Q: 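Dropping a structure here in structure tokens format, bear with me for questions.
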Amino acid sequence: MKETLMDILCCPLDKETLELEVTQTDQSQTETEIIDGELVCAECGTKYPIEDGIPNLLPPDMRE
């Protein structure tokens, strides 16, 4: 996931701002690529995982 994607992402549940918590990045690109981490809603606290560079923005009850 490109870090610049944060400018357009919001929580799908309440449309509030998401905060980025990064655990692994790839610096080989001209732009930082986020490989693993989480997106956390600033309002409701819901966490959305980023795995293999792909953010999963499904609500928690729909991920299984």
Side-chain angles (χ1 to χ4, degrees):
M1 177 182 119
K2 301 280 186 207
E3 197 166 2
T4 55
L5 191 57
M6 291 300 298
D7 294 338
I8 61 170
L9 289 178
C10 67
C11 179
L13 298 177
D14 57 17
K15 309 299 184 236
E16 293 295 326
T17 303
L18 292 171
E19 297 173 359
L20 179 61
E21 295 178 1
V22 178
T23 54
Q24 183 182 0
T25 62
D26 181 4
Q27 300 280 327
S28 65
Q29 308 289 327
T30 56
E31 184 179 358
T32 301
E33 180 83 20
I34 299 157
I35 305 300
D36 287 307
E38 286 185 321
L39 298 168
V40 182
C41 178
E43 185 66 29
C44 69
T46 303
K47 296 181 179 184
Y48 302 95
I50 302 169
E51 297 172 342
D52 297 322
I54 301 169
N56 184 344
L57 294 174
L58 287 173
D61 59 337
M62 297 180 75
R63 290 184 204 151
E64 299 292 320

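Hydrogens, waters and symmetry mates are skipped; everything else that's a heavy atom, side chains included, is used. The shown structure was predicted, so the numbers you read here are calculated from the model rather than taken from an experiment.
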Q: Using side-chain heavy atoms (C-beta onward) and a distance below 4.5 Å, is I50 in contact with E38?
A: no

Q: I need the L13 CG to C44 SG distance, nearest 0.5 Å.
A: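 Result: 5.5 Å between the selected atoms.
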
Q: From L5 CG over to E33 CD, what is the distance, rounded to the nearest 0.5 angstrom?
A: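 Atom-to-atom, L5:CG and E33:CD are 10.0 Å apart.
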
Q: Taking the side chain as every heavy atom from C-beta outward, state whether L39 and E19 have any atom pair closer than 4.5 Å.
A: no

Q: Contact between M1 and I54 at the side-chain level, heavy atoms closer than 4.5 Å - yes or no?
A: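 Not in contact.
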
Q: Which pair of non-hydrogen atoms, one from D14 and one from C41, has the smallest distance, and what is that distance?
A: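 Nearest heavy atoms, D14 then C41: OD1-SG, 3.4 Å.
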
Q: Side-chain contact, heavy-atom cut-off 4.5 Å: L9 with L57?
A: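 Yes; the side chains approach each other to less than 4.5 Å.
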
Q: So which atom in C11 and which in Y48 form the shortest heavy-atom distance, rounded to 0.1 Å?
A: SG-OH, 3.3 Å

Q: For P12 and K15, work out which heavy atoms get closest and say how close.
A: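 In this case the closest contact between P12 and K15 is O-NZ, 3.1 Å.
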
Q: Quick one: are E21 and V40 in side-chain contact, heavy atoms under 4.5 Å?
A: yes

Q: Is the count of non-hydrogen atoms from other residues, nucleotides or ligands lying under 6.0 Å from Q24 atom CD greater than 12?
A: yes

Q: Determine whether N56 and R63 make a side-chain contact, defined as any pair of heavy atoms from C-beta on separated by less than 4.5 Å.
A: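 Yes - at least one pair of side-chain heavy atoms lies under 4.5 Å apart.
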
Q: Between I8 and V22, is there a shared hydrophobic cluster once you connect ILVMFWY residues whose side-chain heavy atoms come closer than 4.5 Å?
A: yes

Q: Decide yes or no for M6 and T4: does some side-chain heavy atom of the first lie under 4.5 Å from some side-chain heavy atom of the second?
A: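 SC-SC contact between M6 and T4 ruled out.
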
Q: Quick check: does any side chain N or O of E43 sit under 3.5 Å from a backbone N or O of E16, one acting as donor and the other as acceptor?
A: no

Q: Might you point out which heavy atoms bring D52 and D36 nearest each other, and give the distance in Å?
A: N-OD1, 3.4 Å

